[in-house]
Protein chains: 2
Amino acid sequence: MHNPLYQLAQNKYDAAQKILVAVDCIIFGFDDGVLKVLAFKRKVEPFCGSWSLIGSFVAENESTDEAAKRVLFEITGLKNIFMEELKTYSSVTRDPGARCISIGQYALISLSKKNKKLTETHGAEWLSIIDLPELVLDHQQMVADALERLRNKARFYPIGLELLPKKFTIPQLQSLYEELFQLLFDTRNFRKKLLSLNMLIQLDEKDKTSSKKGAYLYEFDYDKYNTLKNKGFNFSLFKS
Amino acid sequence: MHNPLYQLAQNKYDAAQKILVAVDCIIFGFDDGVLKVLAFKRKVEPFCGSWSLIGSFVAENESTDEAAKRVLFEITGLKNIFMEELKTYSSVTRDPGARCISIGQYALISLSKKNKKLTETHGAEWLSIIDLPELVLDHQQMVADALERLRNKARFYPIGLELLPKKFTIPQLQSLYEELFQLLFDTRNFRKKLLSLNMLIQLDEKDKTSSKKGAYLYEFDYDKYNTLKNKGFNFSLFKS
DNA sequence: GATAATAAATGTATAAAATACATTTATTAT
DNA sequence: ATAATAAATGTATTTTATACATTTATTATC
């Protein structure tokens with residue numbers, strides 16, 4: 001690591017102060033029409049019994065993304081889930097335990113019954129975004145910021161789909177958008193707009209869990225989306 | 001800082017490894033129809049003579065935003081300029097000098113002649129985004145990421161205006177959008193769309209620097225924008 | 001003081017997209 | 001066979017986007 005070429009610069013590096021760096025994960029799930037966030041009750045002081053997001057310090061030999069993926073895997077047992085850096089929380093006084101910078105990372109999980117159980121065996125709980133209890137440190141702010149980001153991004157990118165199973169119905173997607181944006185959409189217009197994008201692949205299966213008639217299952221055509229995205233297309237299901 | 005209540009947690013904090021944290025600033029300016037980024041030639045080893053963004057280590061007693069503002073002030077002599085966190089660069093191998101995490105922050109400056117001179121007295125230079133020379137470390141990637149963010153954000157928020165003087169003309173704004181998105185707009189439709197938002201305040205002054213007839217100067221009505229923004233309005237001047 | 005030169009400003013017709021709105025359909029349970 | 005339930009569908013109207021060419025205000029020059 002310490003090449004003699006870097007001698008001059010080395011003084012600069014040596015003079016600088018090192019700081020604790022952590023990641024905190026804001027993990028969203030869509031549970032039967034309700035948007036939830038994963039949290040756990042701290043079992044040690046300080047703040048024992050308080051709700052907290054899941055986090056970890058960043059080690060010397062890992063990037064912040066790697067640290068966040070490690071945390072996500074430890075708590076959910078899942079890999080390859082949607083995750084994106086939110087922002088840095090670096091107020092000098094944010095953590096009374098020590099000066100510590102935290103990188104917020106938000107993640108989106110499709111909450112099948114299996115996944116829901118997995119997370120709960122790890123001692124975490126899914127809390128509804130509405131009526132969220134108080135969280136430790138600046139974790140409340142992190143959730144608020146992540147929610148805002150999720151809304152802004154879901155407005156113009158198909159990331160909302162990460163909260164649904166790979167195979168989903170149109171009424172499910174509408175319900176997700178209605179919960180996320182706290183709006184009601186006309187079923188005819190929502191469906192028309194969605195199908196006009198020509199990015200849903202209709203399957204021969206129906207989901208009959210919520211009606212006798214059953215609703216057709218669809219998959220999203222990511223290949224087609226990525227091709228068009230590079231040509232300036234943007235995914236949007238409503239205007240105002 | 002070290003309250004006995006935090007004793008248990010303290011072990012955890014003490015066990016964690018501290019890391020060098022820096023900020024690097026991607027400062028954009030719009031110079032006579034051309035989008036530029038501020039860089040300087042390193043005067044010390046390593047990478048002496050190579051182009052680099054402007055950065056600094058984050059000190060124990062400042063947040064990352066404060067560090068970035070400090071750097072921006074040192075290099076431009078300006079305060080209150082638009083700045084937003086971009087993302088964290090934390091690859092273990094990104095800096096051969098030492099393990100160091102850097103937070104990219106991008107900023108937008110209105111390049112009056114005064115401001116242009118100010119930055120240049122500090123030894124920095126404005127480089128055109130097109131044909132950008134190689135930059136040290138991952139700074140090239142930072143500029144690419146910042147440009148993408150700028151485009152995505154300027155698409156739906158009026159941040160492009162931060163690159164123009166407070167008083168600007170419609171042809172200036174069109175030229176900015178054309179440069180930023182590498183598109184050409186019809187002057188009639190651009191103006192019509194822009195004015196239909198009802199967010200420009202026309203002044204009684206004209207800017208005659210680029211035509212004999214002169215173009216009317218306008219200011220952006222931020223109060224009106226902020227009010228409507230909270231009601232779901234989004235600023236957008238073109239569709240595809 | 002007439003003329004040339006220059007970029008700014010303007011209007012209309014057509015096409016596309018968004019919105020508002022009510023009925024029929026497929027299926028299961030009784 | 002009937003009732004119950006949510007899924008699926010069509011049309012008319014309004015709004016927004018697009019395509020496209022001429023006139024206007026001003027300065028510099030002859």
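Keep in mind the model is a prediction, meaning the values are calculated, not measured.
- A salt bridge is absent between Lys41(A) and Glu125(A); no separation between the charged side-chain nitrogens and carboxylate oxygens falls under 4.0 Å.
- A donor-acceptor contact closer than 3.5 angstrom links the side chains of Glu85(B) and Thr88(A).
- Ranked by how close their nearest DNA chain D nucleotide is to the 5' end, Tyr216(A) and Ser211(B) are led by Tyr216(A).
- Within residues 203-210 of chain B, the residues approached by DNA chain D to less than 4.0 Å at the level of any non-hydrogen atom are Lys206(B), Lys208(B), in residue-number order.
- Atom CG of Asp32(B) has 12 or fewer neighbouring heavy atoms from other residues, nucleotides or ligands inside a 6.0 Å radius.
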Review point. Which dot-bracket notation, 5' to 3', represents the base pairing of DNA chain C when pairs are defined as Watson-Crick or G-U with both distances under 3.5 Å, crossing pairs as [ ], and inter-strand pairs as |?
Key: ||||||||||||||||||||||||||||||
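- Checked for salt-bridge contact, Arg70(A) and Glu74(A) meet the test: a charged N lies under 4.0 Å from a carboxylate O.
- A heavy atom closer than 4.0 Å to some atom of DNA chain D occurs in no member of residues 152-162 of chain B.
- Within 6.0 Å of the CG atom in Asn226(A), the count of heavy atoms belonging to other residues, nucleotides or ligands exceeds 12.
- Contact check of residues 186-194 of chain A against DNA chain C (heavy atom, cut-off under 4.0 Å) returns Asp186(A), Arg188(A), Asn189(A), Lys192(A), Lys193(A).
- The outermost nucleotides of DNA chain C lying under 4.0 Å from heavy atoms of chain A, listed 5' to 3', are dA18(C) to dT28(C).
- Surrounding CZ of Phe233(A) are more than 12 heavy atoms belonging to other residues, nucleotides or ligands, all under 6.0 Å away.
- Listed by first and then second residue, the salt bridge (Lys or Arg N to Asp or Glu O under 4.0 Å) pairs involving residues 193-211 of chain A are Lys167(A)-Glu205(A) (not counting sequence neighbours).
- Residues Phe190(A) and Lys192(A) have side chains not in contact (no heavy-atom distance under 4.5 Å, counting atoms from C-beta outward).
- Separating the CG atom in Leu176(B) from the CD atom in Glu162(B) is a distance of 11.0 Å, to the nearest 0.5 Å.
- Residue Gln182(B) places its CD atom among more than 12 non-hydrogen atoms of other residues, nucleotides or ligands, all under 6.0 Å distant.
- Remark: Arg155(B) fails to qualify as a cation-pi partner of Phe235(B) under the 6.0 Å distance and 45° angle criteria applied to the six-membered ring.
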Exercise for review: Determine, step by step, whether Tyr106(A) and Glu84(A) satisfy the side chain to side chain donor-acceptor pair (under 3.5 Å) criterion, reporting the C-alpha distance in whole Å, the side-chain angles of both residues, the deciding distance to 0.1 Å, and the verdict.
Suggested key: CA-CA 6 Å; Tyr106(A) 74 103; Glu84(A) 191 177 86; 2.8 Å; yes
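- Across all strands shown, Phe238(B) has no heavy atoms under 4.0 Å from either base or sugar-phosphate atoms.
- Phe238(B) and Phe181(B) have perpendicular rings, their planes meeting at more than 60° on a 0 to 90° scale where under 30° would count as parallel.
- Thr169(B) places a side-chain heavy atom less than 4.5 Å from the side chain of Gln172(B).
- The shortest side-chain heavy-atom distance between Asp24(B) and Ile54(B) does not fall under the 4.5 Å cut-off.
- Nearest-nucleotide positions on DNA chain C for Gly214(B) and Lys239(B) put Gly214(B) closer to the 5' end.
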